[in-house]
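As structure tokens, the structure follows; a few thoughts come after it.
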Amino acid sequence: RILFETIIADEDALNAMFFTKGASGVLPCLACNVVAKELEKDRNRGIAPLADRDPEIVDISCHDVRLIGMRSDADVWAICDELEEASRHPNKEVLEELECCTGLKLDLDTLLFDKELRRHVGPASGFTVDPMHILFANGLLGWEMILFVEQLKEDHGSNAFVDLRAFGGNWKPKIILFSKTREKSSTTQLKAGASELLAGYPLMHRFILEAYGANPEELHVRSILLLFEICDDFRLVNKHLPDAEKEQVRNHLRGLVREYLLAFK
């Protein structure tokens with residue numbers, strides 16, 4: 001017998017699997033009640049963002065899960081049933097507007113609309129987001145490291161790649177994450193695999209701590225230091241710790257994520 005436990009996926013995979021609109025919908029997340037960031041064309045036309053019009057509406061940059069509100073499986077399926085009902089309306093624009101507003105797209109051949117599978121696969125409860133992709137594989141870490149490099153150049157006129165190569169010259173094994181090749185190929189992301197980021201970020205962590213200290217005033221420095229701590233905790237959670245210690249790390253991680261999102265924003 002096979003028992004379904006959970007689906008592990010990153011945001012792109014979930015959008016494809018559940019056939020959601022993602023960032024092109026008003027509600028970009030399948031399980032969260034958050035609205036997308038305002039469009040530049042709306043801002044230029046003087047249209048106020050939804051989050052500014054009602055204190056109970058928050059956008060995707062909100063760092064406090066308590067303010068976001070999570071959808072239940074029943075909530076998502078109710079939207080699906082509403083979409084199916086709208087598809088029978090003679091005016092096609094009714095369905096199109098509902099798809100845009102809810103962030104879900106109608107396709108009876110997809111997972112969300114398979115009623116026989118609803119008792120097995122919950123769209124809100126049946127998946128776990130993939131932290132390896134969120135953090136390391138084309139994720140936050142490589143992105144924020146480049147943001148920090150750019151900010152260092154803007155503030156002090158220094159090339160962080162050169163400084164990091166000099167700083168890590170005696171590290172064993174040799175760190176290739178900040179090589180000249182990586183420097184040339186990296187634009188908005190630090191071009192590297194997850195294993196290279198995992199091996200290399202502690203060097204940058206040490207470099208920043210020695211340059212700014214453990215309690216910097218600059219928010220962009222505080223942001224990346226918190227992200228490094230999140231990566232540290234993530235690595236701990238994946239070790240074979242006793243349950244009590246693992247739960248302690250998880251609780252610490254939840255607090256770090258809230259702090260990080262606030263500093264980053």
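Along the sequence shown, residues carry numbers from 1.
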Tell me whether Asp52 is salt-bridged to Lys37, with the criterion being a basic N under 4.0 Å from an acidic carboxylate O.
no
Hydrophobic cluster (4.5 angstrom, side-chain heavy atoms) - remaining members for Leu27:
Val26, Val35, Leu50, Ile57
Pairs involving residues 88-136, ordered by first then second residue, that meet ring-ring contact (aromatic ring centres under 6.0 Å, His included) (sequence neighbours left out)
Phe136-Phe234
Any donor-acceptor N or O pair under 3.5 Å, side chains Arg254, Asn251:
yes
Under the rule for salt bridge (charged side-chain N to carboxylate O under 4.0 Å, His left out), what residues qualify as partners of Asp42, not counting sequence neighbours?
Arg45
If a pair satisfies ring-ring contact (aromatic ring centres under 6.0 Å, His included) and one of its residues is in residues 1-38, list it, with sequence neighbours excluded.
none
Mind checking side-chain contact (heavy atoms from CB on, under 4.5 Å) for Gln189 and listing every partner two or more places apart, or none if nothing turns up?
Trp143
Other ILVMFWY residues reachable from Ile176 by side-chain steps of under 4.5 Å:
none
The salt bridge (charged side-chain N to carboxylate O under 4.0 Å, His left out) partners of Lys153 (sequence neighbours excluded) come to none
Under a 4.0 Å threshold between the charged nitrogen and the carboxylate oxygen, would Glu183 count as salt-bridged to Lys180?
no
Sequence neighbours excluded, the answer for ring pair (Phe, Tyr, Trp, His ring centres under 6.0 Å) partners of Phe178 is none
Trp171: which residues meet the ring pair (Phe, Tyr, Trp, His ring centres under 6.0 Å) condition with it, sequence neighbours left out?
none
Lys115: what forms a side chain to side chain donor-acceptor pair (under 3.5 Å) with it, not counting sequence neighbours?
Glu84
Across all chains, not counting sequence neighbours, the side chain to side chain donor-acceptor pair (under 3.5 Å) partners of Asp163 are none
Residues forming a salt bridge (charged side-chain N to carboxylate O under 4.0 Å, His left out) with Glu196, sequence neighbours excluded
Arg182
